[in-house]
Participant: 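Okay, handing you the structure first.
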Amino acid sequence: MKIGICVFPGSNCDYDTYYIVKDILQEDAELIDYTVRDLDRFDAVILPGGFSFGDYLRPGALASKTPLAEAIVNFATKGRYVLGICNGFQILTELRLLPGALLPNENDRFICKRVNISVENVSTAFTKELEEKEIIVLPIAHHDGRFYAPEDVLEEIEKNNQVVFRYEGENPNGSLNSIAGVCNKTGNVVGMMPHPERISEDILGGLDGLKIWHSLIA
């Protein structure tokens, strides 16, 4: 499997993700510059966490106007696999590839901690190796991670089983319905606020993130 990791000015988890894919998973990995317009050579692309374009205007807004963003839309509409992590999730909502939006945290502070996550949907390419309602521990690190959608959109998300992850117990940022990750209607595009790349080695204190990556390459 050839996996591309998107790089926008300001991304700060691109090399972490590249390392996990290439060195831990032993898969073919390539960093993709934000000016690239063709993704046909990839089987999956990952939009990593970070602060693309310094989060100016709002997180993900400027990245969504780049040539690479246009290529990601074309790639996703062909049914190819796309995962957005944290800032990547914000970019995917800006592109309308995923429903809803990520607003500033309820306490208006940056939150960096480990949280319990309930796996709600195991039919996506990124969760098929997990058990439904399995509780995994993943780190979060964001200021704008409060999931929001209008009431009618939220009802549709729940009805279509598009909630992939929920915060279990504590809802750290005030997300509606404790949503930590969603997918599109066809399930090939997933966005999540937690960082699986930060907990995929014993030296990092856990391996729960590996379950996300193993699902992709299984």
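All values below were derived from every heavy atom in this structure, side-chain atoms included, with hydrogens, water molecules and symmetry-related copies excluded.
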Participant: Could you state the interatomic distance from CG (Leu154) to NZ (Lys159), rounded to the nearest 0.5 Å?
Facilitator: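 It comes to 12.5 Å.
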
Participant: Determine whether Leu207 and Ile117 fall in the same hydrophobic cluster, where Ile, Leu, Val, Met, Phe, Trp and Tyr are linked whenever their side-chain heavy atoms lie under 4.5 Å apart.
Facilitator: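 Yes, it is one cluster - the side chains of Leu207 and Ile117 are joined through contacts under 4.5 Å.
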
Participant: Can Glu120 and Arg166 be counted as an ion pair, charged N to O under 4.0 angstrom?
Facilitator: yes

Participant: Fit a plane to each ring of Phe89 and Phe147, take the angle between them on a 0 to 90° scale, and name the class: parallel (under 30°), tilted (30 to 60°) or perpendicular (over 60°).
Facilitator: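 Geometry flag for Phe147 against Phe89: parallel rings.
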
Participant: Between Asn173 and Ser175, is there a donor-acceptor pair closer than 3.5 Å when you use the side chain of the first and the backbone of the second?
Facilitator: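 Pair found, side chain donor or acceptor close to backbone of Ser175.
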
Participant: Between Thr127 (side chain only) and Leu130 (backbone N and O only), is there a donor and an acceptor less than 3.5 Å apart?
Facilitator: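 Judged by distance alone, no pair lies under 3.5 Å.
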
Participant: Using atom types as modelled and distance alone, determine if a side-chain donor or acceptor of Thr17 lies under 3.5 Å from a backbone N or O of Cys13.
Facilitator: yes

Participant: Can you list the steps and then say if Asp144 with Arg58 is a salt bridge (charged side-chain N to carboxylate O under 4.0 Å, His left out)?
Facilitator: CA-CA 9 Å; Asp144 298 76; Arg58 62 179 177 270; over 6 Å; no

Participant: Distance from Ile32 atom CD1 to Asp38 atom CG, nearest 0.5 Å?
Facilitator: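 If I round to the nearest 0.5 Å, the distance is 10.0 Å.
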
Participant: Return yes if some donor-acceptor pair links the side-chain N/O of Asn105 with the main-chain N/O of His142 below 3.5 Å, else return no.
Facilitator: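 Judged by distance alone, yes, a pair lies under 3.5 Å.
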
Participant: CG of Leu92 to CG of Leu97: how many Å apart, nearest 0.5 Å?
Facilitator: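 The CG atom of Leu92 sits 6.0 Å away from the CG atom of Leu97.
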
Participant: Could you grab the distance from atom CG of Asn188 to atom CZ of Phe126, nearest 0.5 Å is fine?
Facilitator: 8.0 Å

Participant: Would a distance-only check, ignoring hydrogens and angles, find a side-chain to backbone donor-acceptor pair under 3.5 Å from Asp33 to Val36?
Facilitator: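 Checked: no pair found.
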
Participant: Can any side-chain N or O of Asp208 pair as donor or acceptor with the backbone N or O of Val137 at less than 3.5 Å?
Facilitator: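 Checked: pair present.
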
Participant: Measure from the side-chain N and O atoms of Asp55 to the backbone N and O of Phe51, and report whether any donor-acceptor pair falls under 3.5 Å.
Facilitator: no

Participant: Nearest 0.5 Å, what's the CG-CG distance between Leu216 and Leu83?
Facilitator: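 Interatomic distance, Leu216 CG to Leu83 CG, rounded to 0.5 Å: 8.0 Å.
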
Participant: For the residue pair Ile91 and Ala63, what are the closest heavy atoms and their distance?
Facilitator: CD1-CB, 3.6 Å

Participant: Hydrophobic cluster membership, with links at side-chain heavy-atom distances under 4.5 Å among I/L/V/M/F/W/Y: are Met192 and Leu204 in one?
Facilitator: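 Met192 and Leu204: separate clusters.
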
Participant: Between Ser215 (side chain only) and Glu129 (backbone N and O only), is there a donor and an acceptor less than 3.5 Å apart?
Facilitator: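 Indeed, once roles are kept as given, a pair shorter than 3.5 Å links the two residues.
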
Participant: When clusters are formed by joining ILVMFWY residues with side-chain heavy atoms under 4.5 Å apart, either directly or through shared neighbours, do Ile20 and Met1 land in the same one?
Facilitator: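 Yes: a chain of side-chain contacts under 4.5 Å links Ile20 to Met1.
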
Participant: Consider only side-chain heavy atoms of I, L, V, M, F, W and Y, link residues closer than 4.5 Å, and tell whether Tyr56 and Leu47 are in one cluster.
Facilitator: yes

Participant: Do the side chain of Asn87 and the main chain of Ser52 share a donor and acceptor less than 3.5 angstrom apart?
Facilitator: yes

Participant: Is Asn121 reaching over with its side chain to a backbone N or O of Asn161, donor-acceptor style, under 3.5 angstrom?
Facilitator: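 At least one qualifying donor-acceptor pair exists.
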
Participant: Would you compute the distance between atom CG of Leu138 and atom CE of Met193 and round it to the nearest 0.5 angstrom?
Facilitator: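 Between Leu138 CG and Met193 CE, I get 12.5 Å after rounding to 0.5 Å.
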
